[in-house]
Amino acid sequence: LVGRALGSVRSASAVSGAIQSALGHHKALAEYVEHYAGLCNPDALHVCDGSEGEYTTFMETMVEDGSMFKLNEAKRPNSYLARSDPRDVARSEESTFISCVNEEDAGPTNNWRDPVEMKATMANLYKDCMVGRTMFVVPFSMGPIGGPISHIGVQLTDSMHVAASMRLMTRMGKAPLEALGTDGEFVKCMHSVGYPLADGKADVAWPCDPDNKYITHYPEENLAESYGSGYGGNSLLGKKAFALRLASAMGKREGWLAEHMLILGVTNPEGKKKYVAAAFPSACGKTNFAMLEPTMPGWKVECVGDDIAWMKFGPDGKLYAINPENGFFGVAPGTSMGTNPNAMRSLDRDCIYTNVAMTADGDVWWEGMTEETPEGMTNWLGEPHNPASNTPAAHPNSRFTVPIANCPVLDPNFEALEGVPIDAIMFGGRRPTTIPLVHEAFSWNHGVLMGASVASEKTAAATGDDIGEIRHDPFAMLPFCGYNMGDYFQHWIDMGKTEGAKLPSMYLVNWFRQDPETGKFIWPGFGENSRVLKWIFERTDGVTDNAAKTPIGYVPTPDALDTDGLAGITNDELTELLRVDPDAWQREINQSDEYLTSTFGPKLPAELKNEIESLKKSF
Ligand code: GDP
Ligand code: PGA
Ligand code: MN
Ligand code: MN
């Protein structure tokens with residue numbers, strides 16, 4: 001492997017001068033970079049301009065040093081495959097911390113560390129951690145540059161892979177740096193893979209420090225520090241660290257919302273359009289739902305975002321949302337022309353794949369992509385794949401990273417500075433029993449309880465050996481809320497009291513009910529989820545005779561769900577999917593009550609306690 005020195009300076013002593021000449025016009029920015037450069041001691045500095053030429057140079061350099069494979073240009077133009085260290089394949093929730101002055105402000109659902117202690121721990125790890133490497137300075141904007149909901153960040157990293165991925169996932173380089181001017185505010189995102197190359201130590205294809213991972217956040221200082229991991233969710237700090245953990249705390253202070261939500265536009269056959277935001281936990285269907293191809297003629301879905309929404313009330317009282325990201329970091333397994341054709345089309349070119357399998361002719365493959373498993377593949381570990389074995393060729397959390405511009409159904413308002421007006425908010429998760437296909441909340445506060453009560457089977461998106469176990473995951477934000485989740489519930493309640501607000505309606509959906517005997521998903525899902533979307537569209541459009549009032553909310557009447565051409569499901573199954581079982585639901589409500597009360601105690605808002613009580617009484 002060749003060294004990674006690249007860019008404007010190539011000696012440690014020149015780094016400081018380079019910082020001053022490139023960034024000296026912005027005193028706070030130069031100080032920030034000087035601070036970490038002094039600590040980490042990189043050999044070289046590279047301030048990213050975000051150009052295509054720079055991206056190409058990064059990719060060529062990594063192909064040359066063996067950390068990226070160039071895929072077959074005829075099959076996947078401009079696309080690459082990276083294989084991670086097998087100990088660095090998913091988000092590390094146990095290594096993720098919120099460091100604020102008072103422990104109570106981190107709340108019962110976060111790992112808390114005292115900021116002074118945490119900074120000392122991190123400074124120890126950062127000391128000389130970039131020896132032999134280049135420090136990349138990555139200015140980026142979350143949201144369209146200059147928009148009223150957007151914010152700028154500056155990531156420092158010693159990973160060329162991370163710098164390149166930031167260009168795919170954010171608006172990165174010269175433009176956000178210029179937008180900062182001489183004193184613009186920015187969020188600090190510091191990252192190192194934690195693999196210094198001192199004393200001529202050779203580099204490896206995926207440097208990391210698996211035993212010393214830290215992803216830590218200082219919400220009071222708009223600072224994130226990450227060490228030891230190159231996995232997207234741990235290292236592309238614009239995404240989970242900034243756009244969710246730090247931004248949720250900013251939103252609490254400033255009166256807006258940063259959420260783990262997709263955003264889509266849905267247009268009916270008459271040409272009327274509405275926007276919907278939806279929170280499902282990681283690997284529970286956001287990317288699929290965000291760009292679904294409706295199975296009903298005349299309906300159209302367009303994608304604004306597939307993972308994160310920032311939302312603020314507009315002057316007209318409606319809640320406006322932007323997608324702060326500029327790319328997709330999506331789960332590969334299960335993605336196919338049958339399930340998510342628009343994702344497949346987005347992946348034709350310009351992609352960085354991680355931990356998928358490689359076919360004999362230099363293309364990619366993962367479980368679920370095609371019915372037949374191709375012969376002669378290399379698995380995600382770089383070994384020949386044995387199709388007879390039970391081990392998958394692609395890691396269950398293998399991912400693609402691709403610019404959002406590749407999406408064939410990108411919404412025309414994706415770049416709208418003020419965002420898009422939201423008519424409905426959906427929550428969901430993987431629930432094998434009890435939760436019907438869809439139901440509507442009676443009110444905003446009831447909807448907040450729905451969000452607070454989200455629970456889901458654990459998936460491969462986070463490390464751990466308890467995949468499949470049901471855990472509570474309020475608002476799908478359990479791993480991402482940057483402050484006390486009880487205060488977060490209160491923030492949602494308070495947002496609903498905003499003077500003049502025209503509040504979205506709220507829904508809970510479940511695509512994952514299973515046949516108890518066969519374990520198979522009863523609802524066909526994917527494009528067929530458009531039928532649920534249609535019902536929600538009509539509900540928000542003032543149709544009232546399409547729902548039955550049940551103790552838990554409004555549920556579609558048997559004929560209200562459009563089933564024209566719906567195949568693969570019997571009428572009995574459909575009735576079962578929409579049924580509200582009083583016994584199971586009383587258990588469900590008691591369970592949520594028990595979880596919320598015991599976890600949040602006095603921080604559980606009185607409004608939510610009232611909602612729980614009235615639900616209990618409704619049976
Ligand atoms: P995200 O991580 O929330 O964005 O979830 P994805 O959209 O990437 O989906 C994660 C996994 O769930 C993939 O393997 C999908 O194929 C699968 N999935 C997504 N939507 C559905 C659905 O409607 N039904 C079923 N059965 N599986 C789904
Ligand atoms: P996901 O995004 O929600 O699409 O899985 C990454 C993550 O949450 O880890
Ligand atoms: Mn996510
Ligand atoms: Mn996704």
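Order of listing sets the numbers, starting from 1, for every ligand and every atom in it.
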Under a 4.0 Å N-O cut-off, is there an ion pair linking Asp211 with Arg87?
-> no
Distance-only N or O hit between ligand 2 and Tyr231, under 3.5 Å | no
Would you say the side chains of Ser226 and Asn234 form a donor-acceptor pair under 3.5 Å?
-> no
If we number the atoms of ligand 2 from 1 as shown, the ones under 4.0 Å from a heavy atom of Ser282 are 3 (O), 5 (O), 7 (C), 8 (O), 9 (O)
So do the side chains of Met68 and Phe58 get within less than 4.5 Å of each other, counting heavy atoms only?
-> no
Note: ligand 2 atoms sitting under 4.0 Å from heavy atoms of Arg91 are 7 (C), 8 (O), 9 (O)
Are any of the heavy atoms in Phe480 under 4.0 Å away from ligand 2?
-> yes
Between the Mn ion (ligand 4) and Asn288, is there an N, O or S atom separated by less than 2.8 Å?
-> no
Do Trp112 and Asp105 have side-chain N/O donor and acceptor atoms under 3.5 Å apart?
-> no
Are any non-hydrogen side-chain atoms of Ser84 and His395 less than 4.5 angstrom apart?
-> no
Does a side-chain heavy-atom distance below 4.5 Å link Tyr275 with Asn413?
-> yes
So do the side chains of Met142 and Thr170 get within less than 4.5 Å of each other, counting heavy atoms only?
-> yes
Please find out if less than 6.0 Å separates the ring center of Phe329 from that of Tyr231.
-> yes
Starting from atom 3 (O) of ligand 2, locate the nearest protein heavy atom and write down its residue, its atom name and how far away it is, to 0.1 Å.
-> Lys286 NZ, 2.7 Å
Atoms of type N/O/S from protein, distance to the Mn ion (ligand 3) below 2.8 Å | 3
Hey, does Asp307 come in under 3.5 Å of ligand 2, counting only N/O atoms on both sides?
-> yes
Identify, by atom number and element, the atoms of ligand 2 in contact range of His260, meaning under 4.0 Å from any of its heavy atoms.
-> 3 (O), 8 (O)
Ala283: numbered ligand 2 atoms lying under 4.0 Å from its heavy atoms | 5 (O)
Does the ring center of Trp310 lie less than 6.0 Å from the ring center of His151?
-> yes
Side chain to side chain, Met495 and Trp492, heavy atoms closer than 4.5 Å | no
For atom 5 (O) of ligand 2, which protein heavy atom lies nearest, and how many Å away is it?
-> Arg399 NH2, 2.9 Å
Is the distance between the ring centroids of Phe512 and Phe280 less than 6.0 Å?
-> no
